[in-house]
Amino acid sequence: MAANGGKSVLFVCLGNICRSPIAEAVFCKMATDAGVADKWLIDSGATSDWNTGSSPDTRGLACLRTHGIETSHRARQVTKDDFMSFDHVLCMDESNLSDLKKKANSVKTSKAKIELLGSYDPEKQLIIKDPYYGSDEDFEKVYEQCVRCCKVFLEQNS
């Protein structure tokens, strides 16, 4: 949990190198700009262990830099403890959601609200598609979706 009874959010995708680190970095910047970053514990993780310890995809990092955002995140897999320590677990697609709900069901004291990040999209694009096999434009689309969704999520939870 965040210090001093704050709030917490974990962004999740399959590998934690494309979508979720972008969402984490976007949300960190928004919380910082709003003067509330000290009230939040913000992180991201993966449903798989494929990329544990890796930096985000270079295309994602380039996209973030274009918008003046830096991140030093390293990929990690979601743990059972995450369901006890995070208030919100926001994922990118139905597969992530299914995997997270299965894992959360094995945790007796899970407090996390597990949702699709896209459920906060004012443009109603529920799924944030994996850009890994796509182009720079696909990473930009993920960034734009994350901006829209994180803005609404922060407004609703501040």
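All residue numbers in this chain count up from 1 along the given sequence.
- Asp57 meets the salt bridge (charged side-chain N to carboxylate O under 4.0 Å, His left out) test with Arg59; sequence neighbours excluded.
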Which donor-acceptor pairs under 3.5 Å do side chains of residues 124-131 form with protein atoms, sequence neighbours excluded?
from   : atom 1 : to     : atom 2 : distance (Å)
Gln125 : OE1    : Gln145 : NE2    : 3.4
Gln125 : OE1    : Arg148 : NH2    : 3.3
Asp130 : OD1    : Tyr132 : N      : 3.0

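- When all heavy atoms of Thr79 and Asp82 are compared, the pair lying nearest together is N-OD2, 2.9 Å.
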Which side-chain N or O atoms in residues 97-108 pair as donor and acceptor under 3.5 Å with protein atoms at least two apart or in another chain?
from   : atom 1 : to     : atom 2 : distance (Å)
Lys103 : NZ     : Val78  : O      : 2.7
Asn105 : ND2    : Lys101 : O      : 3.2
Ser106 : OG     : Lys103 : O      : 2.6

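- Considering only heavy atoms from C-beta on, Ser8 stays 4.5 Å or farther from Ile42 through its side chain.
- Tyr143 is linked by a ring pair (Phe, Tyr, Trp, His ring centres under 6.0 Å) to His67, counting only residues two or more places apart in sequence or in another chain.
- Side-chain atoms of Ser48 come within 3.5 Å of backbone N or O of Leu14 as a donor-acceptor pair.
- At least one side-chain heavy atom of Leu64 sits less than 4.5 Å from a side-chain heavy atom of Thr71.
- Evaluation of the side chain to side chain contact (heavy atoms under 4.5 Å, CB included) rule for Ala62 yields no partner, not counting sequence neighbours.
- Atoms OG and CG, on Ser44 and Leu10 in that order, are 7.0 Å from each other to the nearest 0.5 Å.
- Residues Met92 and Phe11 meet the side-chain proximity criterion, which asks for heavy atoms closer than 4.5 Å.
- When every heavy atom of Asn96 is checked against every heavy atom of Cys91, the shortest pair comes out as CB-CB, 3.5 Å.
- For the pair Ala75 and Gly15, the tightest heavy-atom approach, listed with the atom from each and the gap, is CB-O, 3.8 Å.
- Nearest approach of Val12 to Ala46, heavy atoms of both residues: CG1-C, 4.2 Å.
- For Glu155, the salt bridge (charged side-chain N to carboxylate O under 4.0 Å, His left out) criterion is met by Lys151, not counting sequence neighbours.
- In this structure, the ring pair (Phe, Tyr, Trp, His ring centres under 6.0 Å) partners of Phe153, at least two apart in sequence or on a different chain, are Phe27, Trp40, His88, Tyr120.
- In terms of the side chain to side chain contact (heavy atoms under 4.5 Å, CB included) criterion, Ser72 has no residue partners (sequence neighbours excluded).
- Judged as a ring pair (Phe, Tyr, Trp, His ring centres under 6.0 Å), not a single pair has a partner in residues 93-118 (not counting sequence neighbours).
- For the residue pair Ser55 and Ile17, the shortest heavy atom distance occurs at O-CG2, 3.7 Å.
- With contacts defined as side-chain heavy-atom distances shorter than 4.5 Å, the pair Val142/Asp138 does not qualify.
- At least one side-chain heavy atom of Leu117 sits under 4.5 Å from a side-chain heavy atom of Cys146.
- The shortest distance between side-chain heavy atoms of Asp136 and Cys63 does not fall below 4.5 Å.
- By the salt bridge (charged side-chain N to carboxylate O under 4.0 Å, His left out) test, Asp81 is found to be paired with no residue, residues two or more places apart in sequence or in another chain being considered.
- Side-chain contact between Val147 and Met30: present, with at least one pair of heavy atoms (C-beta onward) separated by less than 4.5 Å.
- Looking at residues two or more places apart in sequence or on another chain, you find no salt bridge (charged side-chain N to carboxylate O under 4.0 Å, His left out) involving Arg74.
- To the nearest 0.5 Å, the span separating CG on Asp49 from CZ on Arg76 amounts to 13.0 Å.
- The CG atom of Leu90 sits 9.0 Å away from the CG atom of Leu116 when rounded to the nearest 0.5 Å.
- Heavy-atom minimum distance, Asn16 versus Ser20: ND2-OG, 2.8 Å.
- Within the structure, the ring pair (Phe, Tyr, Trp, His ring centres under 6.0 Å) test picks out no pair touching residues 93-118 (sequence neighbours left out).
- Screening Lys111, Lys7, Lys39 for a salt bridge (charged side-chain N to carboxylate O under 4.0 Å, His left out) involving Asp87 leaves a single residue, Lys111.
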